Amino acid sequence: MPELPEVEVVRRGLETHVVGARILGAEVLHARPVRRDPLGPEGFAQAVAGRTVTAVRRRGKYFWLALDDTDAILGHLGMSGQMLVKTPGAPLERHLRVRFPLDSGADLRFVDQRMFGGLSYAPGGAVLPSEIAHIGRDPLDAEFDAEAVARRMRQRSSAVKRQLLDQTLVSGVGNIYADEALWRARLHGERPGDRLTRAQALDVIEQARAVMLQALDQGGTSFDALYVNVNGESGYFDRSLHAYGREDEPCDRCGAAIRRVAFMNRSSYFCPTCQPVPRRRRT
DNA sequence: ACCGGGACCTGGAAGC
DNA sequence: TGCTTCCAGGTCCCGG
């Protein structure tokens with residue numbers, strides 16, 4: 001569910017509400033969300049208890065709470081994860097997985113219906129957890145190198161959409177913003193990377209950056225109550241989408257009906273006129 | 001190293 | 001009213 005803009009909204013909320021607070025303990029209600037933690041549920045709870053949150057950082061779709069400027073709690077929201085700041089007496093969510101009472105009097109909660117997301121203790125990970133060292137920088141990172149990403153894209157034969165979703169190449173882009181970036185760049189997602197011009201590759205990367213920045217200004221994209229900020233509120237960038245989720249609706253540029261096709265076990269939306277299907281490579 | 005496909009989960013909505 | 005099928009914003013891992 002959440003892509004870079006939605007995770008950044010959550011990061012900002014955590015920064016406002018949690019930095020400076022001490023974690024009194026962790027109640028792990030389901031083991032799966034901490035499956036990546038080698039310490040296991042009890043070890044995780046023990047490692048974070050008594051620690052003070054000194055910063056909240058993000059790269060791509062991952063976020064982490066720095067603990068005492070040295071270690072971290074690394075998190076990913078997967079398809080349905082939420083980080084909520086509640087009062088301890090608030091009713092427990094149906095899919096509440098981990099609960100952190102804080103000395104500020106608030107209750108930090110990780111809620112995740114499908115449990116593709118998770119939390120783990122990252123020793124030494126305050127600045128950048130080693131667990132995500134393989135993830136590429138995201139387009140909002142000051143040190144993001146669009147030229148280098150474009151170069152790599154053009155060296156590979158795999159489809160440009162698959163490459164946009166490859167978190168080791170560029171992080172933060174998911175299915176919604178990949179389709180939106182491709183629509184803006186007038187490129188079909190199945191175009192092989194090595195058949196893009198340098199200008200086209202740079203353009204689609206720039207469109208991804210721009211659309212994610214605009215979505216962030218609107219509080220992210222929400223279709224339902226599954227994606228919410230730390231206060232449980234939805235974003236409203238869904239009103240500004242041009243391709244994603246708009247099957248059979250007219251293209252905002254040319255009026256042709258937006259099409260939906262299955263691609264990579266998911267859906268891709270595109271304008272058949274503005275984003276023509278690439279011709280098959282000559283063998 | 002890259003490539004494509006399936007697995008991992010739960011539950012809401014649509015179809016019969 | 002049921003039951004079944006499809007669909008969902010992500011990643012990881014496998015064999016080729």
Side-chain angles (χ1 to χ4, degrees), chain A residues 1-10 29-37 58-63 74-83 93-97 110-120 129 131-136 138 151-182 189-195 208 211-212 215-216 218-229 234-241 243-248 260-269 281:
Chain A
M1 162 190 77
E3 305 180 34
L4 185 153
E6 294 75 40
V7 178
E8 176 61 16
V9 168
V10 169
L29 292 100
H30 199 298
R32 183 166 169 81
V34 294
R35 66 193 177 284
R36 302 256 159 226
D37 197 315
R58 181 191 58 72
R59 174 172 287 186
K61 304 171 198 171
Y62 286 90
F63 63 91
L74 177 63
H76 195 291
L77 301 177
M79 291 284 266
S80 54
Q82 305 174 353
M83 288 292 274
E93 293 75 9
R94 181 169 175 196
H95 302 294
L96 177 62
R97 307 304 186 192
F110 180 69
V111 176
D112 190 3
Q113 178 199 106
R114 293 174 70 186
M115 297 188 291
F116 288 166
L119 301 175
S120 61
E131 291 84 347
I132 58 166
H134 65 291
I135 299 294
D138 63 64
R151 215 177 304 126
R152 280 190 63 193
M153 262 189 181
R154 298 184 61 219
Q155 287 169 352
R156 304 204 264 182
S157 63
S158 65
V160 58
K161 178 163 180 181
R162 175 175 274 270
Q163 299 210 53
L164 288 171
L165 296 176
D166 178 352
Q167 304 296 299
T168 66
L169 179 62
V170 49
S171 66
V173 182
N175 205 33
I176 295 178
Y177 299 114
D179 278 2
E180 293 301 304
L182 290 162
E190 288 173 41
R191 177 87 76 95
D194 59 8
R195 292 181 64 182
V211 71
M212 292 197 294
L216 179 55
Q218 311 282 307
T221 300
S222 309
F223 301 123
D224 51 40
L226 227 46
Y227 165 69
V228 291
N229 68 14
S234 293
Y236 43 95
F237 190 70
D238 60 306
R239 298 170 199 168
S240 307
L241 297 176
Y244 187 87
R246 299 195 61 234
E247 183 177 22
D248 295 336
R260 178 170 82 91
V261 295
F263 180 60
M264 290 175 65
N265 283 329
R266 57 219 310 181
S267 294
S268 287
Y269 298 86
R281 187 187 295 266

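Owing to the predicted nature of the structure, the values given are computational and were not obtained by experimental measurement. Scope of the values below: all heavy atoms of this structure, side chains included, with no hydrogens, waters or symmetry mates.
Summarising the geometry, the separation between CZ on A:R266 and C1' on C:dC7 is reported as 12 Å, rounded to the nearest angstrom.
With sequence neighbours left out, the side chain to side chain donor-acceptor pair (under 3.5 Å) criterion links A:R156 to A:Q163, A:D166.
Residue A:R94 places at least one side-chain N or O closer than 4.0 Å to OP1 or OP2 of B:dG11. Using a 4.0 Å cut-off, no side-chain N or O of A:Y177 falls inside it from OP1 or OP2 of C:dG9. Residue A:S158 places no side-chain N or O under 4.0 Å from the OP1 or OP2 atom of B:dC2. Within the 4.0 Å cut-off from OP1 or OP2 of C:dG10, not a single side-chain nitrogen or oxygen of A:R114 is found. Between A:N175 and C:dG9 there is a side-chain N or O to OP1 or OP2 distance below 4.0 Å. Taking only side-chain nitrogens and oxygens, A:S157 comes nearer than 4.0 Å to OP1 or OP2 of B:dC3. OP1 or OP2 of B:dG11 sits under 4.0 Å from a side-chain N or O of A:H95.
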Worksheet item: Given the rule that a pair is Watson-Crick or G-U wobble with both distances under 3.5 Å, how would you write DNA chain C in dot-bracket, using | for pairs to a different strand?
Response: .|||||||.|||||||
Worksheet item: When you look at A:D112 and A:R32, which way does the salt bridge (charged side-chain N to carboxylate O under 4.0 Å, His left out) test go after all the steps?
Response: CA-CA 10 Å; A:D112 190 3; A:R32 183 166 169 81; over 6 Å; no
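A donor atom on one side chain and an acceptor atom on the other are not found under 3.5 Å apart for A:Y62 and A:S171.
Taking every side-chain heavy atom of A:R260 into account, C:dC7 is the closest of B:dT10, C:dC12, C:dC7.
Judged by centroid separation below 5.5 Å and plane tilt below 30°, A:F116 stacks onto the base of B:dC8.
The main-chain N or O of A:N229 is never found under 3.5 Å from a side-chain atom of A:E6 such that the two would form a donor-acceptor pair.
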